[in-house]
A.B. asks: 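Pasting in a structure now, in structure tokens, and then I'll have a few things to ask.
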Amino acid sequence: MQTVTTQGAEPLLSITGMKKHFDLSPPLLNRLIERKPVQHLRAVDGLDIAVPKGKTFSLVGESGCGKSTVAKLVVGLYGPTEGKVIFDGADLTDLEASQRADYRRRIQMIFQDPYASLNPRWRVRDIIAEPLRSFGLVSSRQEERDEVGRLLELVGLNPRDGEKFPHEFSGGQRQRISIARAISSRPDFLVCDEPTSALDVSVQAQILNLMRDLQEELGLTYLFISHDLAVVDFMSDYVGVMYLGRLVEVGPAKEVFHNPTHPYTRLLMDTIPDMEMTRRDRTPVAGEVPNPINPPPGCTFHPRCPLANARCKAEAPRLRQMPGDARVSCHAAEEGRNPPLARKPTGPENAPVMQLRASAGGA
Amino acid sequence: MHPMTQTPDPLLQVRDLSIAFDTRHGPLRAVDNITFDLAPGEILGMVGESGAGKSLTGTAITGLLERPGHISGGEIHFEGRRIDTLSKDAMRPLRGRKIGAIFQDPLTSLNPLLTVGKQLVETIQTHMDLTKEAARARAIDLLAEVGIPAPEQRVDHYPHQFSGGMRQRVVIALALCADPKLVIADEPTTALDVSIQAQILALLKKMCREHGAAVILVTHDMGVIAETADRVAVMYSGRLVEIGPVEQVVKHPRHPYTRGLMGSIPVVGGGLRRLTQIDGAMPRLTDLPSGCAFHPRCPKATEACTQVKPTAVKVDDGQVACLLYEGAQ
């Protein structure tokens with residue numbers, strides 16, 4: 001599978017043809033008696049991404065677009081319906097359990113809610129030391145204590161904090177503990193699922209800076225998942241925009257943010273509140289994400305898209321290379337029906353503005 | 001059209017308001033001596049981190065503070081009448097009729113067992129002298145006004161049959177059904193997706209403008225404030241550190257905390273290597289630092305900051321509570 005993000009460097013992780021369908025069918029008897037149909041939720045429906053070593057690849061999208069499902073597929077919390085997760089040359093979906101342990105050590109995860117992801121009955125030193133013990137990375141108690149102290153210092157906490165319990169820490173400090181736990185097994189790859197969404201902005205800045213510092217220091221590769229475009233722009237080298245289980249636009253972050261091509265990417269860019277234009281009266285985009293159980297036919301975005309025509313309603317578009325470095329899945333962009341970007345008159349970010357047609361029952 | 005701090009006839013006046021929680025170890029001051037005015041039809045954004053006291057301030061104005069929290073000092077005047085001393089029974093007709101509220105989670109502010117129409121009709125009939133039929137007609141009009149398609153059918157649906165964004169529209173209709181003069185919106189878009197958030201903010205702005213309601217918009221999101229509010233109040237550790245017109249606070253923040261807060265927000269296309277960060281965290285109420293509550297994290301703190309509690313001084317069109325500006329007048 002050829003992807004733009006592989007330029008030169010071999011990807012550390014790549015996902016090819018990934019599908020994850022959840023069976024939501026009613027029980028067999030109901031199906032027989034009430035003639036209810038078999039139902040599948042296509043949470044991820046054919047996804048190809050490649051994350052080069054030492055870089056950050058971000059997935060953005062609204063709730064229900066499947067981005068967290070991708071995170072769980074990568075770390076192995078879900079098995080895919082179809083497709084492969086290739087990490088450092090090995091297909092993780094096709095490994096014997098005994099072979100999987102080392103890959104599990106090398107791929108770790110940071111979760112969204114630092115209140116739910118730390119065991120309240122464990123001391124912080126035990127929380128951080130658990131991966132060290134289970135992967136056999138330390139041989140003595142003393143070595144374990146030193147390593148936990150080093151990790152705590154690395155994430156900006158005091159080694160003595162190891163004696164405390166999670167409830168003694170604020171949200172930001174807890175997220176630091178989660179990060180210390182995630183890097184304790186010396187992974188190469190971190191999956192970060194909305195790591196700062198539960199935090200206040202000033203604390204979010206601390207955590208994002210810490211994550212970037214650690215990436216540089218330890219040579220980590222991140223799969224970063226967020227709905228916040230500004231955070232994604234700050235963190236990422238590559239961005240994939242998801243809508244209803246599929247990528248609609250993917251490419252280098254600079255390209256996607258400065259020259260968004262897909263109407264949905266433009267929509268998302270336009271929803272970012274602009275600090276420069278105070279008290280702006282904007283025309284919000286109408287419509288909502290459709291029910292993923294019954295996605296619209298053709299391009300799933302067509303009911304909300306201002307550029308939709310008959311072809312969009314009938315035929316699902318595929319990702320295609322655009323003149324820039326990005327790949328976009330849109331008939332309008334392919335046919336050149338896409339209007340050029342209207343730029344805001346001021347502001348350094350030059351975020352695009354696009355008037356979208358009011359449709360699908362909005363204000 | 002932006003009303004200044006001193007308007008001839010403010011709709012709401014909050015004077016030296018303090019809110020305390022009684023605990024075994026003595027009272028904890030969650031809100032400390034805050035003072036501000038709100039003009040009719042004005043949108044005041046209230047920002048701060050979790051625990052800064054912004055929601056409590058809103059709750060105190062609606063008279064919904066629950067024990068052990070209580071108003072420990074100061075006054076709240078609404079339309080020239082003091083309301084913080086009113087009894088529960090005297091407050092009830094005011095709430096809903098004159099002061100509406102919108103909360104963060106639309107699922108918990110709607111009754112899941114009643115159709116939205118029933119809830120709207122009940123609220124309308126409580127506050128207005130209308131027959132059931134007239135109230136229902138008004139409910140349908142309101143649903144249409146907040147952009148719910150096919151309101152004649154939707155009025156008989158239950159909350160779970162609406163999506164998150166649509167539910168928040170229903171809540172806005174509910175808050176505005178008696179044409180209140182003031183709406184307290186506490187994180188109204190935090191639970192919603194970004195594209196829906198923009199819709200709801202635009203709707204809130206439009207509805208309040210058309211119904212002539214003033215809004216106190218409580219949020220932690222500076223972007224939401226920048227787009228929606230006329231004036232901004234920044235809270236830190238229970239104190240009002242800065243208040244002023246939105247352009248001034250967002251583009252030229254004066255208080256070191258506001259500056260840090262603005263710098264820590266990532267912007268698209270910012271191309272930054274690092275975000276400005278305010279080190280440390282907001283102090284706990286149990287051990288508030290002496291003097292200015294922000295001094296342990298402040299890059300400009302001096303010896304005096306550890307001793308003296310700053311008072312608000314006028315800077316341009318706003319007010320800042322920081323020793324840097326005291327005496328600079």
Side-chain angles (χ1 to χ4, degrees), chain A residues 61-64 156 170-173 199-210 212-213 227-235 254 257-258 264 267-289 291 304 347-351 360-363, chain B residues 2 43 48-51 146-150 163-166 169 193-203 205-206 220-230 245-247 250-251 257 260-279 281-282 284 297:
Chain A
E62 297 177 87
S63 9
S170 67
Q173 289 171 319
L199 306 175
D200 279 315
V201 272
S202 75
V203 180
Q204 164 172 291
Q206 295 172 5
I207 298 296
L208 293 178
N209 283 338
L210 172 70
R212 276 184 81 146
D213 293 346
H227 66 278
D228 187 330
L229 284 136
V231 168
V232 165
D233 183 37
F234 174 72
M235 287 297 292
K254 272 207 181 82
F257 282 110
H258 285 277
Y264 180 64
L267 179 161
L268 282 180
M269 297 291 288
D270 194 37
T271 58
I272 305 169
D274 190 339
M275 309 293 285
E276 290 299 313
M277 297 169 76
T278 47
R279 293 200 264 165
R280 153 165 87 121
D281 271 317
R282 60 169 160 192
T283 326
V285 186
E288 298 180 8
V289 181
N291 185 345
R304 297 172 81 186
E349 61 266 33
N350 283 338
Chain B
H2 47 104
I43 301 181
E49 297 176 64
S50 348
V146 294
I148 289 181
S163 67
M166 286 294 156
R169 288 169 191 266
D193 269 321
V194 278
S195 71
I196 312 298
Q197 171 175 317
Q199 295 174 5
I200 295 297
L201 284 177
L203 174 71
K205 238 162 117 174
K206 176 190 128 211
H220 66 278
D221 189 335
M222 249 335 200
V224 167
I225 293 277
E227 283 217 355
T228 318
D230 300 315
V246 63
E247 292 85 359
V250 170
K251 290 184 191 153
Y257 173 66
L261 195 63
M262 300 304 303
S264 65
I265 303 169
V267 288
V268 170
L272 295 170
R273 287 294 299 144
R274 283 182 76 80
L275 296 167
T276 322
Q277 62 181 53
I278 315 175
D279 287 322
M282 204 161 62
R284 295 185 181 199
R297 301 173 76 188

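Order of the sequence lines fixes the chain letters, A, B, ..., with proteins taken first and strands second; residue numbering starts at 1 for each chain.
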A.B. asks: Is chain A contacted by the side chain of B/Ile278, its backbone, both, or neither, given a heavy-atom distance below 4.5 Å?
C.D. replies: both

A.B. asks: Identify the two heavy atoms, one from A/Ser170 and one from B/Arg284, that lie closest to each other, and give their separation to 0.1 Å.
C.D. replies: N-NH2, 4.4 Å

A.B. asks: Mark yes or no for whether B/Asp193, through its side chain, and A/Ser63, through its backbone, hold a donor-acceptor pair below 3.5 Å.
C.D. replies: yes

A.B. asks: Compare every heavy atom of A/Val203 with every heavy atom of B/Glu49, then report the nearest pair and how far apart it is.
C.D. replies: OE1-CG2, 4.1 Å

A.B. asks: B/Ser264 pairs by side chain to side chain contact (heavy atoms under 4.5 Å, CB included) with which of A/Asn209, A/Val201, A/Leu208, A/Asp200?
C.D. replies: A/Val201

A.B. asks: Enter the distance from A/Gln204:CD to B/His220:NE2 here, rounded to the nearest 0.5 Å.
C.D. replies: 8.5 Å

A.B. asks: Under 4.5 Å, counting heavy-atom pairs only, tell me which of A/Arg212, A/Gln173, A/His227 racks up the most with chain B.
C.D. replies: A/Arg212

A.B. asks: Select one option (side chain, backbone, both, neither) describing which atoms of A/Asp213 are under 4.5 Å from chain B's heavy atoms.
C.D. replies: side chain

A.B. asks: In terms of heavy-atom proximity below 4.5 Å to chain A, should B/Met262 be classed as side chain, backbone, both, or neither?
C.D. replies: side chain

A.B. asks: Where is the tightest heavy-atom contact between B/Gln277 and A/Gln206, given as atom of each residue plus distance?
C.D. replies: OE1-CA, 3.4 Å

A.B. asks: Is A/Leu268 close to chain B through its backbone or its side chain, or both, or neither, when contacts mean heavy atoms under 4.5 Å?
C.D. replies: side chain

A.B. asks: Check B/Pro266 against A/Val231 and note the closest heavy-atom contact, atom names and distance.
C.D. replies: CG-CG2, 3.9 Å

